[in-house]
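Single-structure report; data block below.
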Amino acid sequence: MRTSKIALYVPNLIGYFRLILLGTTFLTGTKSCQVTYWLFVSTLLLDGLDGFAARRLKQCSSFGAFLDVFIDNLTRGVLWTWGAPAPYGVLPVILETTVFTCTHKGGGAAWKEGCFGNAPRWVLSVMANGFKTPMGALAITGLMGLPLWLWACRFMPGSMYASPALGCVVVVGRLICASVEVWVLLAHIKDLLQQDESARTARRPA
């Protein structure tokens with residue numbers, strides 16, 4: 001019973017609705033680019049609402065944290081593979097999915113705090129206060145905005161959604177985000193090697 005209640009927390013219901021919106025994009029496709037674009041935008045914007053609802057209603061959960069990031073990665077994955085030329089669109093998907101695995105193994109629901117205790121200052125400047133810093137906001141804008149901008153460039157060229165000025169902003173933001181992702185990946189590999197070394201030392205005969 002407890003498990004079913006958690007699955008029906010308000011933030012998780014928002015997540016299910018985001019999945020419905022994302023699924024609808026496959027129906028509208030390129031036949032109605034304006035509708036598809038705003039379905040993607042709605043899915044991405046609701047990412048902020050589910051987090052707010054979780055904190056406000058005290059309904060934070062490990063499942064909710066997993067569902068939130070899973071839907072984020074799924075949405076961006078669709079945009080990357082749809083908007084970027086093959087095979088390059090799959091590269092950021094691989095990076096984001098790998099980092100997702102690292103952060104949730106290392107920190108679980110509290111991954112934003114649990115994975116960055118020993119992070120350098122430039123990483124903390126992005127992650128501080130749940131990305132509520134100038135660097136954090138720019139990184140999130142790039143993370144969410146670059147695949148959407150690429151999609152718009154491919155299917156809505158000449159529109160304000162595909163403007164070069166907007167592209168410059170989201171590219172810079174995504175590069176900042178990528179630098180943090182690479183740091184997370186390398187830190188996780190280092191941690192795994194240290195664990196292996198500790199286990200090997202413990203097994204060594206006295």
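For the numbers below, each heavy atom of this structure counts, side chains included, while hydrogens, waters and symmetry mates do not.
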Rounded at 0.5 Å granularity, tell me how far CD in Gln59 sits from CG in Leu8. 10.0 Å
May I ask whether Met144 and Val172 are part of the same hydrophobic cluster, defined by side-chain heavy atoms of I, L, V, M, F, W, Y residues being less than 4.5 angstrom apart, directly or through others? yes
Between atom CD1 of Ile14 and atom CG of Leu19, what is the distance when rounded to the nearest 0.5 Å? 12.5 Å
From Leu22 CG over to Leu39 CG, what is the distance, rounded to the nearest 0.5 angstrom? 9.0 Å
Counting only heavy atoms not in Tyr88 (residues, nucleotides, ligands), do more than 12 fall under 6.0 Å from its OH? no
With under 30° as parallel and over 60° as perpendicular, where do the rings of Trp151 and Phe155 fit, or are they tilted in between? tilted
What one should report as the nearest heavy-atom pair of Thr141 and Val170 is O-CG1, 3.9 Å
Do Lys190 and Glu197 pass the salt bridge (charged side-chain N to carboxylate O under 4.0 Å, His left out) test, and can you show the C-alpha distance, the side-chain angles, and the key distance before you say yes or no? CA-CA 11 Å; Lys190 180 181 178 181; Glu197 182 60 28; over 6 Å; no
Tell me if the CG atom of Asp196 is crowded by more than 12 foreign heavy atoms within 6.0 Å. yes
Please confirm whether the backbone N or O of Leu143 pairs with a side-chain atom of Arg174, one donor and one acceptor, at under 3.5 Å? no
Mark yes or no for whether Glu181, through its side chain, and Leu95, through its backbone, hold a donor-acceptor pair below 3.5 Å. no
Rounded distance (nearest 0.5 Å) linking atom CZ of Phe131 with atom CG of Leu138: 12.5 Å
Does Phe66 form a ring-ring contact (aromatic ring centres under 6.0 Å, His included) with Phe100? I'd like the steps, not just the answer. CA-CA 9 Å; Phe66 166 83; Phe100 172 48; 5.7 Å; yes
Exactly one of Thr28, Thr25, Thr30 should register a side chain to side chain donor-acceptor pair (under 3.5 Å) with Thr36. Which one does? Thr28
For Gly64 and Ser61, the nearest pair of non-hydrogen atoms, with its separation, is N-OG, 2.9 Å
Please round to the nearest 0.5 Å and tell me the distance separating atom OG of Ser179 and atom CH2 of Trp122. 4.0 Å
Report whether Leu67 and Leu13 are members of the same hydrophobic cluster (ILVMFWY, side-chain heavy atoms less than 4.5 Å apart, transitive linking). yes
Using atom types as modelled and distance alone, determine if a side-chain donor or acceptor of Asp50 lies under 3.5 Å from a backbone N or O of Asp68. no
Considering non-hydrogen atoms only, spot the tightest contact between Leu185 and Cys102 and give its length. CD1-SG, 3.9 Å
Please tell me whether Leu49 and Leu21 are part of a single hydrophobic cluster in this structure, the criterion being side-chain heavy atoms less than 4.5 Å apart. yes
Quick one: does Ile176's side chain get under 4.5 Å of Met135's, heavy atoms only? yes
Atom CH2 of Trp38 and atom SG of Cys33: how far apart are they, to the nearest 0.5 Å? 14.0 Å
Identify whether Ile71 and Leu27 are in the same connected component of the hydrophobic contact network (ILVMFWY, side-chain heavy atoms under 4.5 Å). no
Mark yes or no for whether Trp149, through its side chain, and Ser163, through its backbone, hold a donor-acceptor pair below 3.5 Å. yes
Should Val184 and Leu91 be counted in the same cluster of Ile, Leu, Val, Met, Phe, Trp and Tyr side chains packed under 4.5 Å apart? no
In the structure I gave you, are the side-chain heavy atoms of Leu150 and Trp82 within less than 4.5 Å of one another anywhere? no
